[in-house]
Every structure is written in structure tokens, then in C-alpha cells.
Amino acid sequence: MPAMKSFHIITFGCQMNEHDSERMTGILEAQGSTLVSDPGQAEMIILNTCSIREKAEQKFFSELGRLRQLKTENPNLKIAVAGCIAQQEGRKILSRAPYVDMIFGPSDIAKISDIVEAQRVRRNPVIDIEGDAEYHHKLVPTSRTDSLKAWVSIMYGCDNFCTYCIVPYLRGRERSRPPGDIVKEVHDLAEKGYKEVTLLGQNVNSYGKGLGTAVNFPELLNRVNDVVGIERIRFVTSHPKDLSDGLITALSDLLKVCESIHLPAQSGSDRILAAMNRRYTAAAYLDKVKKLREAVPGIALTTDIIVGFPGETEDDFSMTMKLLRDVSFDSIFAFKYSQRPNTVALELARQVPEDVKEARLAQALELQQDIALQKNKDLIGTVQEVLVEGPSKKGETLTGRTRGNKAVNFIGQASLRGSLAQVRIRSAAQNSLSGEICG
Ligand code: 5AD
Ligand code: SF4
């Protein structure tokens, strides 16, 4: 008899959290519990939380507030708060929401069944934010939301301490998974019919540090590239300072490694980059982009930008706009700087007013709209390899992604799902392409 017959998960934030939710689901399902889509039907609701910006935190607390009603209607309902806010707030969550039963951090999610059991026995809230490394590395059953594309964690935590970022405080120091475990997981995925893996880590370029094996990130890519059945390999996130020549060679030489990289620039101003503790200059960033484009023609480039970091002047911001124009990213994620507890930047003077941040964000996004559309238009007439995912949302066409990770719609048989199709691009919008199968 499972400890919990049914559960529902609400996930906030990044791919890492999405994947952590897949792992929690896998563990609970292996014990006989069922994932349900209606929170009203669940015996337990898990909120897997994100704290990267204040907005994410507010979203979580309003969701938690809504659950109070469900708990009043059904006092047997268990509420679990997992992930980054659990780590950040710990017991303090109980003073805001005394109806929470379990609180556990991102490094403790593999312990979920023990935590559920401890709560059942104790009947008091259970708090576990210990970050037990041994548990964290454990291979656990994983219930994946997709059957073609899979996330595979290769490392946890971060040692970089960018001054705006809360991640190192919540996800702890960088820890790499042993390469053998990763390759085994990818093999198992290939056997189940998966075609694409995305290797996940806060800073994949420094993979292997402290492992005691000679395997660095390019070498890991080599090993994953050898796994029969896997057709495509992607990875996130790369820190520009650690983007090595070895990685550029791997991107150009390894057939399965897709021509695409997410390389967060954050700012185009050297003064701001230094204040962010990013440890590269705009010129060094542009140099890496140049090298990437020389070695891997047509590589798709995406980035993260923060506007309104403390002390950012109009001049600094114009350098970010210049960087966006100089690089011509395929797409960007742009954020207003958000003050986070414990971080160095929180204490900096000259915080930028909200309306200025708002205006800069709008300007950056507007510029990027034109750039993204042009980048997509440049693909018109080319033939792209597309991994066919199945019918599009509207159902009239098939959809899939290019190696550059762009969505493409085209006419074709549903039976093509899971195969690689050659598609000639006929038209382009800002966020998608359409074309027809050829060859
Ligand atoms: N404020 C705004 N954006 C942030 N990011 C990280 N911390 C903050 C913050 N305090 C952004 C960075 C990072 C992405 C995942 O989130 O751009 O690359
Ligand atoms: Fe945060 Fe910087 Fe680490 Fe990325 S590299 S998780 S931005 S501290």
C-alpha cells in the first residue's frame, strides 16, 4: 500500500526544476502512487519552487495561499514545498503558511519518499534542507514528460557567485555526477527510444571539476556522442568564461552535438560585468562568439540579459544594446534585475528605479524582436534537419525542431514522429518557421 495514493505537482522555474519534478514523480510512482492532474483529487500537492527572481517567489506564495482553501476542505491533504524557496526560507514558510506539511530543498528531492513517511509517522511538519550529497547523486526512477527528448543532470550547484544570483546559496557548491552514471542513464534512454538528450547543469563547461577522473565536459560529450540510438545532444548552461577551445572543437566535430549554444552574456558593459563578477569583458565575449561562428557555421546563439543591475547607467545599457546588435542572437531571455537575499548586489548602492528597468527591458525586447525575425528569415530556402515531435498544437501540421532548436511546422504523416526529416524552410515568423519535407 503506497504511503500516498495520489499526488499533484506544480513546478515553477527552470529546466532543472522541471527535471527534479520528473524525478520526484518517478520515485512516488515506483511506490504505487499516481500523479493526478486535478489538485482537488490529490492526497498530496507538491510545489517545486523557484527563487531566482522576486516575481517567481511571489507567484509561489500566491499559489500557496490558494491551497489554504483546499486544505480547509480536506484536512488530510498533505502540502509539500520543495526546491529553492524551501531551501531559502526553511521553517519560516510555516509562519506564513502553517498548513504546510513538508519542506525540503533542491538537493533533498531524492529523499521524498522518506520525507513523506517521516511526516506520516510524526504528524508534524518535516523540514529537510540538509543537501545530502550522497542522496543527491543517486540514480532514481524518473517519470519523464516527453518520450523523445530527455533531460539528464550532469552536475548540481554552482561555484561562480555572480553577485546578483542566489543559486549558489540554494543549490550549493558545484558537484559533478560520475561520467559512468551519466552515460548509463543516456544508454537506458536510448534503449527506451529517446532520440535527444539535454545535459543539464548550472555551468556545464566546468563539468568534472573535483571528480578525480580525467573527464571534462568535451570528453563527456564524446562519450555521450558514442551512445547508439541517441541522435541529438544539447546542453545548458555554458558560462562564457569557461567556454574552452575543446568545447568549440566538440561542437564542430561531434555529429550528434547540435549547432546551438546558450551563452548568457548578462550585460555589454565591462563595468557592470565586473560588478556582476562575471570574469569576462564584452570584447572577450565577442571573441568567443567569433570563434564559435568560425568553427561551427550557422550555430544558433541564445543568451540571458539582465537590465537595471545596480549602478547601470544609460551608457552601460547602450552597451548591452550594442552587444545585442553586434551578436544578433537567435533569441534572448531578458530580465529586470531583482534583489535577492544574501547576494552581494543586494547591498550595492544606486539601485535602478523600477520604471527605468521596465523601459530598458522593453527596449531590449523590441530590438530583439527585429533581430530574431531577421535571423529566422535568413533560413528561408535552406534545408533543415528536423526531429519530428508530432502534430502541432492546432493539429493541422506536424511540428519539430531544427538542430538550432527552432520550431518548424510542416505537412506530413503523424507516423514520422521520432524520425529526422529534411525540411525546406518556406516562411519565417519571430518564433517559428514553416516549410515542407523534401528529399
Ligand atoms: N535578477 C534578474 N535576473 C537574474 N538572473 C539570475 N539572477 C537574477 C536576478 N537576481 C537571470 C540571469 C541568469 C538567468 C537564469 O536568470 O540572467 O542567467
Ligand atoms: Fe547564478 Fe552565475 Fe552560477 Fe549562473 S553562473 S547559477 S548566474 S551564480
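All ligand and atom numbering here is 1-based and tracks the order in the structure. Not measured: the values here are computed from a predicted model.
At least one side-chain heavy atom of Phe7 sits less than 4.5 Å from a side-chain heavy atom of Ile9. Using a 4.5 Å cut-off on side-chain heavy atoms (C-beta onward), Phe235 and Leu251 make contact. Inter-residue side-chain proximity for Asn277 and Asn160 is flagged as unmet; no heavy-atom pair is nearer than 4.5 Å. With a 4.5 Å cut-off on side-chain heavy atoms, Ile79 and Leu64 count as touching. Between His262 and Arg234 there is no side-chain heavy-atom pair separated by less than 4.5 Å.
In summary, the atoms of ligand 1 found under 4.0 Å from a heavy atom of Arg53, numbered by their order in the structure, are 1 (N), 2 (C), 3 (N), 4 (C), 5 (N), 11 (C), 16 (O). Remark: ligand 2 atoms within the under-4.0 Å shell around heavy atoms of Val167 are 6 (S). Heavy-atom contacts of Pro168 reach the following atoms of ligand 2: 8 (S) (cutoff under 4.0 Å). Remark: ligand 2 atoms within the under-4.0 Å shell around heavy atoms of His239 are 5 (S). Each of the atoms 1 (N), 2 (C) of ligand 1 lies under 4.0 Å from some heavy atom of Lys336. Listed by number with element, the atoms of ligand 1 under 4.0 angstrom from any heavy atom of Tyr337 are 1 (N), 2 (C). Residue-ligand proximity, Ile306 to ligand 1, at heavy-atom distances under 4.0 Å covers atoms 3 (N), 4 (C), 5 (N), 12 (C), 17 (O). The Phe161 neighbourhood of ligand 2 comprises atoms 8 (S), with distances under 4.0 Å to a heavy atom of that residue.
Closest to atom 14 (C) of ligand 1, if we only count protein heavy atoms, is Asp304 OD2, 3.4 Å. With hydrogens left out, the protein atom closest to atom 1 (N) of ligand 1 is Ser338 N, 2.9 Å, a heavy atom. Counting protein heavy atoms only, atom 3 (Fe) of ligand 2 is closest to Cys158 SG, 2.3 Å. The protein atom (non-hydrogen) at minimum distance from atom 1 (Fe) of ligand 2 is Cys165 SG, 2.3 Å. Here the protein heavy atom with the shortest distance to atom 4 (Fe) of ligand 2 is Gln202 O, 4.5 Å. Residue, atom and distance of the protein heavy atom nearest to atom 8 (S) of ligand 2 are Cys162 N, 3.4 Å. Protein heavy atom closest to atom 5 (S) of ligand 2, with residue, atom name and distance, is Asn160 ND2, 3.5 Å. In this structure, atom 7 (S) of ligand 2 lies nearest to the protein heavy atom Tyr164 OH, 3.3 Å.
Judged by distance alone, with hydrogens and angles left aside, the side-chain atoms of Arg91 form no donor-acceptor pair with the main-chain N or O of Glu89 at under 3.5 Å. Using modelled atom types, one side-chain atom of Asp270 and one backbone atom of Ala282 make a donor-acceptor pair closer than 3.5 Å.
When Arg417, Lys195, Lys149 are each tested for a salt bridge (charged side-chain N to carboxylate O under 4.0 Å, His left out) with Glu389, only one passes: Lys149.
Residue Tyr164 touches ligand 1 through backbone and side chain together, judged by heavy-atom distances below 4.0 Å. Counting heavy atoms under 4.0 Å from ligand 2, residue Arg278 touches it through the side chain alone. Residue-level proximity to ligand 2 for Pro264 is absent, since no heavy atom of it falls below 4.0 angstrom.
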Test salt bridge (charged side-chain N to carboxylate O under 4.0 Å, His left out) on Lys111 and Asp108 and set out the steps.
CA-CA 6 Å; Lys111 283 189 258 180; Asp108 300 288; 2.9 Å; yes
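When Gln266, Met16, His239 are ranked by how near their heavy atoms come to atom 17 (O) of ligand 1, first place goes to Gln266.
Judged by a 6.0 Å distance limit and a 45° cone about the ring axis, Arg53 is positioned over the six-membered ring of Phe335. Both the sub-6.0 Å distance and the 45° axial angle are not jointly satisfied by Arg340 relative to the ring of Tyr164.
The aromatic rings of Tyr280 and Tyr285 sit tilted relative to each other, their planes meeting at an angle between 30° and 60°.
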